[in-house]
Amino acid sequence: MEQIPFDKRSGKIWFNNQLVEWQDAKVHAISHGMHYASLVFEGIRIYNSKIFKLEEHTERLFHSAKVMDMKIPYSVKEINQTTKKLVQDQSIQNGYIRPFVWRGSEMMGVSAQNTKINVAIAIWDWPAYFDPKVKLNGIKLNISKWQRPPQNSSPWNSKAAGLYMICTLSKHQAERDGFTDSLMLDHEGNIAEATSANIFFKDKNNELHTPIPDSFLNGITRKTVINLAKSKNIKVNERKISPNEIPNFRGCFITGTAAEITPVCSIMNNKFEVCNLIKDLSSSYEILVGKNN
């Protein structure tokens with residue numbers, strides 16, 4: 001089915017405390033957010049009309065804005081209430097919410113002290129990120145040439161737009177080469193994450209291993225899955241993981257708001273089994289978010 005371009009969709013977008021027709025929600029071409037990547041955002045899922053972990057996502061949005069030296073001109077409570085009303089008024093059953101904050105067009109240059117801080121919230125129907133068959137059989141990853149930058153060279157602990165440039169470049173190359181996504185390493189050459197999802201490995205003893213989030217976001221879904229695994233008495237090892245260890249693992253999956261829990265069937269020439277442990281975690285996650293209610 002052909003996807004409607006996002007600038008041609010219908011509905012309402014909350015834009016600086018006003019409801020605006022979807023196609024009228026525009027910003028000026030000379031906008032600091034576009035030219036200098038001074039924009040932060042969140043991605044939130046709606047399952048059966050219920051928003052999953054809205055409060056955690058909004059708190060992270062405010063944290064990201066603070067890291068990027070932007071003060072959001074609304075309270076956490078106001079953003080949460082507005083988001084809930086948008087979902088209710090537009091009758092979204094299963095969808096996606098994108099709140100975002102950016103610097104306006106009042107100044108053009110690296111310094112942007114006097115730019116207006118804009119806030120918008122858009123929602124749309126989005127039943128699934130990956131095709132169910134893809135999730136059943138697992139996705140294929142390559143290894144990107146781009147690495148996550150060190151802590152002292154990027155606002156790594158924010159969900160900032162500029163951090164995703166190398167993700168787009170990595171994913172585009174992966175898709176051109178016949179892969180679904182790309183595994184990114186950190187600046188030390190250790191495993192970091194996929195382009196927009198955290199990663200887990202399963203060893204022969206049914207223990208999970210996942211990289212320490214010290215150069216990338218500690219995802220909300222990641223934390224949820226760790227808690228799920230621990231509730232099932234599955235040991236989770238958060239540690240530095242070398243790419244040389246990949247052949248030793250039996251299973252692999254990625255986690256994220258969009259990806260949920262998606263099995264990985266291969267990383268380059270290394271094959272993984274979509275095992276019962278991963279299937280069970282995925283089923284439990286779907287129950288938790290209310291996907292099957």
Side-chain angles (χ1 to χ4, degrees), residues 5-46 51 53-87 90 92 95-124 126 148-149 153-169 171 195-196 216-217 219-220 256-258:
F6 276 89
D7 61 340
K8 304 298 182 186
R9 299 190 177 205
S10 59
K12 302 280 189 181
I13 291 179
W14 188 85
F15 195 120
N16 288 335
N17 209 25
Q18 291 186 339
L19 279 180
V20 178
E21 291 294 333
W22 188 284
Q23 295 184 31
D24 295 331
K26 300 174 181 178
V27 297
H28 197 275
I30 304 298
S31 171
H32 200 275
M34 183 167 70
H35 289 260
Y36 293 93
S38 52
L39 182 148
V40 298
F41 67 97
E42 277 296 320
I44 311 168
R45 289 292 288 269
I46 309 163
I51 307 170
K53 292 191 178 292
L54 170 62
E55 290 76 14
E56 288 90 334
H57 281 284
T58 303
E59 290 286 351
R60 191 170 68 179
L61 179 72
F62 275 72
H63 169 76
S64 295
K66 183 178 180 180
V67 170
M68 295 291 288
D69 197 27
M70 296 189 290
K71 181 173 174 55
I72 296 176
Y74 306 98
S75 68
V76 169
K77 182 178 180 181
E78 286 173 316
I79 295 298
N80 284 337
Q81 289 177 338
T82 298
T83 304
K84 291 175 183 177
K85 191 172 189 310
L86 270 175
V87 172
Q90 298 195 46
I92 299 291
Y96 186 84
I97 306 168
R98 171 57 60 92
F100 50 109
V101 181
W102 72 100
R103 291 188 180 277
S105 55
E106 293 77 16
M107 297 178 69
M108 179 50 57
V110 172
S111 178
Q113 302 283 4
N114 297 321
T115 49
K116 177 180 178 180
I117 305 302
N118 299 274
V119 185
I121 306 170
I123 64 172
W124 58 88
W126 195 22
R148 283 288 175 205
S153 65
S154 71
W156 64 275
N157 61 341
S158 68
K159 199 169 177 67
L163 296 173
Y164 285 80
M165 291 185 293
I166 56 175
C167 300
T168 296
L169 293 171
K171 192 171 177 70
T195 59
S196 57
F216 56 90
L217 279 180
I220 290 171
T257 295

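All values reported here derive from a predicted model rather than from experimental measurement.
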Taking [Y]'s backbone N and O only, do any of them form a donor-acceptor pair with [X]'s side chain (distance below 3.5 Å, no angle check)?
X: Ser64; Y: Lys159; value: yes
X: Ser31; Y: Arg103; value: yes
X: His35; Y: Gly109; value: no
X: Trp102; Y: Ala120; value: no
X: His63; Y: Asn157; value: yes

Subject >> Shortest non-hydrogen contact from Ile121 toward Ile13 >> reply: O-CG2, 3.4 Å

**OP:** Please check if atom CE in Met108 has more than 12 non-hydrogen atoms from other residues, nucleotides or ligands closer than 6.0 Å.
**Re:** yes

Subject >> Min side-chain heavy-atom separation His57-Thr83 under 4.5 Å >> reply: no

Original post:
Below 4.0 angstrom, N of the basic side chain to O of the carboxylate: do Glu42 and Arg98 qualify?
Top reply: no

**OP:** Give the C-alpha distance, both sets of side-chain angles, the deciding distance and a yes or no for side chain to side chain contact (heavy atoms under 4.5 Å, CB included) between Trp14 and Ile79.
**Re:** CA-CA 10 Å; Trp14 188 85; Ile79 295 298; 4.2 Å; yes

Subject >> From CA spacing to verdict: side chain to side chain contact (heavy atoms under 4.5 Å, CB included), Val101, Met68 >> reply: CA-CA 10 Å; Val101 181; Met68 295 291 288; over 6 Å; no

Subject >> Member of Glu106, Met107, His32 meeting the side chain to side chain contact (heavy atoms under 4.5 Å, CB included) criterion with Lys116 >> reply: Glu106

**OP:** For the pair Trp124 and Tyr96, name the ring-plane relationship: parallel under 30°, tilted 30 to 60°, perpendicular over 60°.
**Re:** tilted

